Number of protein chains: 2
Amino acid sequence: MKKLSIKDIAQKAGVSTATVSFVLNGKAEEMRISDTLAKKITKLAKQLGYQPNQLARGLRTGKTHTLGLIVENISNHFFGNLAKVIEDEAKKYNYKVLYCSTENNTLKAKELIQMLQDRQVDGYIITPTEGLEGDIEKLIAGKKPVVLVDRYFANLTTNYVLVDNYQAVFDTITRMVGEGYQQIGVVTVDLAMINMEQRMNGYKDALKAAKLPFRKDLVKIIPFDASREKALESVAEFLDGGPKKDAVFFLTNYLGILGLECLKKLKLKVPDQMAFVSFDDHDIFRLHTPSITALAQPVEDIGRTAMQILLEEIKNGLKNDAHHLLKGELVVRESAL
Amino acid sequence: MKKLSIKDIAQKAGVSTATVSFVLNGKAEEMRISDTLAKKITKLAKQLGYQPNQLARGLRTGKTHTLGLIVENISNHFFGNLAKVIEDEAKKYNYKVLYCSTENNTLKAKELIQMLQDRQVDGYIITPTEGLEGDIEKLIAGKKPVVLVDRYFANLTTNYVLVDNYQAVFDTITRMVGEGYQQIGVVTVDLAMINMEQRMNGYKDALKAAKLPFRKDLVKIIPFDASREKALESVAEFLDGGPKKDAVFFLTNYLGILGLECLKKLKLKVPDQMAFVSFDDHDIFRLHTPSITALAQPVEDIGRTAMQILLEEIKNGLKNDAHHLLKGELVVRESAL
DNA sequence: CTGAAAGCGCTTACAG
DNA sequence: CTGAAAGCGCTTACAG
């Protein structure tokens with residue numbers, strides 16, 4: 001079962017390895033290799049089940065046909081779906097994907113980038129963490145195509161593609177105010193990433209546009225590294241006590257789900273006592289009773305667009321000027337609006 | 001920004017590349033290289049930020065420190081979690097993971113194995129599809145460590161680790177019968193994979209043990225490739241019409257979720273009109289109203305065990321005799337028991 | 001039309 | 001104690 005190499009094929013065909021390589025890489029014509037010979041070699045290779053060693057090829061050409069995808073957590077619903085889209089898209093163009101999860105840990109993210117570099121991936125799709133600017137700059141300086149997804153750095157010239165967080169939240173809040181909600185609470189996480197900031201800004205600006213005051217006591221910030229129990233407790237406390245709220249907006253996926261758990265515990269009636277909206281859609285929101293109004297991200301579109309940019313740059317060199325803010329979709333269900 | 005190689009380090013240190021390689025691979029002592037020199041080289045490498053090219057190393061040593069993980073679908077809850085566990089575990093031992101999804105398509109699975117082979121991965125964790133026996137045999141014949149997860153082939157000598165499907169279902173059904181349920185319906189998928197067969201056998205044997213008849217009209221089989229709408233319709237029809245059922249057991253994750261959607265549409269009262277149990281646990285089941293009794297798989301344990309076996313074989317050679325059937329855990333909630 | 005040879009960046013017997 | 005050299009499996013100028 002020894003893996004056979006180009007040498008074996010060459011020997012059996014009675015030609016040099018160079019000739020075999022040319023034929024197998026579709027350069028037979030270019031190299032003016034006789035048709036008969038080319039056919040013979042192709043047939044032989046197929047017969048013997050020859051498969052080129054990608055490591056050797058990569059070493060020689062500097063191209064590995066492998067992409068690196070760094071997400072926050074592959075087991076998270078949003079990122080799992082994103083990964084799937086990217087995998088499918090990559091497959092179409094004959095690329096493979098190396099995934100990894102940062103868990104929003106900068107150190108881990110740095111290590112992952114290093115690892116992907118060592119493995120010579122041809123391009124990167126990265127969900128950055130705080131403090132990753134330098135590493136990303138270096139990648140770009142090294143002429144490696146990079147596309148950031150889900151978030152980006154305002155002070156860094158990079159490609160990025162994500163949902164238009166600001167507009168999505170702005171529109172939703174505006175609509176809620178239009179429906180008569182006056183005290184809209186918001187639950188968010190303490191990550192200093194631009195996507196969360198923009199969601200928060202969307203909230204603030206929508207209030208301002210509606211001439212409603214921005215009240216700090218209507219904002220609950222949960223630490224990203226809080227334990228599940230601790231986070232649950234904080235959210236429950238916020239929903240149950242504090243100033244009166246006629247609606248709550250959860251600025252991210254997992255907090256919304258946490259919110260649902262609290263509802264159950266507190267026996268809060270949604271939407272009668274309080275309307276409920278979450279960023280990111282999820283099967284849970286659709287199937288919950290009452291079903292939950294959610295701001296869905298265009299995952300497919302994000303993944304596909306990111307891949308397009310990446311492949312384009314791999315082919316034609318870096319540009320770093322692709323900035324895509326894709327439209328979110330408000331899915332109205334029973335819990336609000 | 002040219003990547004620097006071992007040659008550059010050697011030059012700057014005024015030694016041969018061999019010496020550098022020895023030092024950097026911790027063989028300084030073994031090769032009796034002077035402590036002073038070793039330290040100098042280590043320091044220099046660190047200073048210059050040298051990172052070995054893994055492609056070259058892989059080509060030379062035949063080891064890539066990369067593992068291949070083939071799952072059904074990375075965006076599926078169970079497999080996403082499994083992937084995360086395996087990623088974390090791999091990281092501990094300094095391995096990277098190449099994931100891919102088969103979507104239960106044999107042709108795709110074959111291609112994926114080929115791709116992973118071309119990339120010279122050191123070992124495989126595979127969720128097999130029907131008809132993959134030959135490919136897996138070849139891998140093993142080629143001395144590559146392979147661990148099957150979630151399912152296996154009865155007629156193939158391989159390592160495998162999965163939940164004890166038979167026992168889990170047998171125990172659950174037995175318990176349900178004990179609680180007085182007499183007409184327990186079951187919804188399953190038409191995949192001829194051993195895991196599904198064993199779940200079905202658990203159901204049949206539990207009925208037999210309880211001296212209840214096995215009735216074909218209490219079994220609904222949904223084609224794996226049915227569209228979402230079609231599947232929904234079939235399940236709804238089964239829940240709503242047909243013979244009277246006092247309980248329904250969904251033999252897999254995604255069918256259980258489909259079942260929940262039907263409940264909503266049909267306005268069925270669970271558990272009053274019908275008890276509801278699903279294989280695989282999920283946030284949805286926990287948060288649903290009523291909350292859903294589910295048979296949870298020990299995902300962490302499955303992932304960890306698979307990795308242990310794989311690493312062991314990578315280190316000490318193939319054995320192919322690890323057979324692990326891990327215990328499932330019945331999580332009793334409001335919908336049944 | 002085709003072959004001999006260099007080289008990608010490593011590791012590892014072998015020789016001294 | 002350390003270096004020169006071969007070789008992993010490819011691709012690609014170069015020469016004829």
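Predicted model only: the values in this text are computed from it and were never measured. Just so it is clear: chains get the letters A, B, ... in the order the sequence lines come, proteins before strands, and each one is counted from 1.
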I'd like the C1' distance from dT11(D) over to dT2(C), given in whole Å.
16 Å
Whole-angstrom distance between dC1(C) and dA13(D), as gauged at atom P:
22 Å
If you check the Leu59(B) side chain, which of dT2(C), dC1(D), dG9(D) turns out closest?
dG9(D)
Classify the ring geometry between Tyr160(B) and His323(B) as parallel (under 30°), tilted (30 to 60°) or perpendicular (over 60°).
parallel
Is the shortest side-chain heavy-atom distance between Gln120(B) and Gln54(A) below 4.5 Å?
no
Within this structure, what is the [atom1]-to-[atom2] distance between [X] and [N], rounded to whole angstrom?
X: Arg119(B); N: dG9(D); atom1: CZ; atom2: P; value: 18 Å
X: Gln11(A); N: dG3(C); atom1: CD; atom2: P; value: 13 Å
X: Lys63(B); N: dC8(D); atom1: NZ; atom2: P; value: 17 Å
X: Asp118(A); N: dG9(C); atom1: CG; atom2: P; value: 14 Å
X: Gln120(A); N: dC8(C); atom1: CD; atom2: C1'; value: 10 Å
X: Ile33(B); N: dG3(D); atom1: CD1; atom2: P; value: 9 Å

Would Asn104(A) and Glu130(A) count as a side chain to side chain donor-acceptor pair (under 3.5 Å) if you check the C-alpha gap in whole Å, the side-chain angles of each, and the deciding distance to 0.1 Å?
CA-CA 8 Å; Asn104(A) 259 320; Glu130(A) 298 177 40; over 6 Å; no
Just to be sure I understand the rule, does Leu55(A) reach a base, reach only the sugar-phosphate, or reach nothing, if contact means heavy atoms closer than 4.0 Å?
nothing
Identity of whatever pairs with dA15(D) - Watson-Crick or G-U, under 3.5 angstrom:
dT2(C)
Could you go through Arg57(B) and Asn25(B), starting from their C-alpha distance and side-chain angles, then the distance that decides it, and tell me whether this counts as side chain to side chain donor-acceptor pair (under 3.5 Å)?
CA-CA 11 Å; Arg57(B) 179 179 273 177; Asn25(B) 287 310; 3.3 Å; yes
Using a strict cut-off of less than 4.0 Å between a Lys/Arg side-chain nitrogen and an Asp/Glu carboxylate oxygen, indicate whether Asp88(A) and Lys84(A) qualify as a salt bridge.
yes
Just by protein heavy atoms under 4.0 Å, how would nucleotides 10-16 of chain C read 5' to 3' in B, S and -?
BBBB---
Without swapping roles, check the side chain of Asn76(B) against the backbone of Asn73(B) for a donor-acceptor pair under 3.5 Å.
no
For the residue pair Asn316(A) / Glu312(A), report whether a side-chain donor-acceptor contact shorter than 3.5 Å exists.
yes
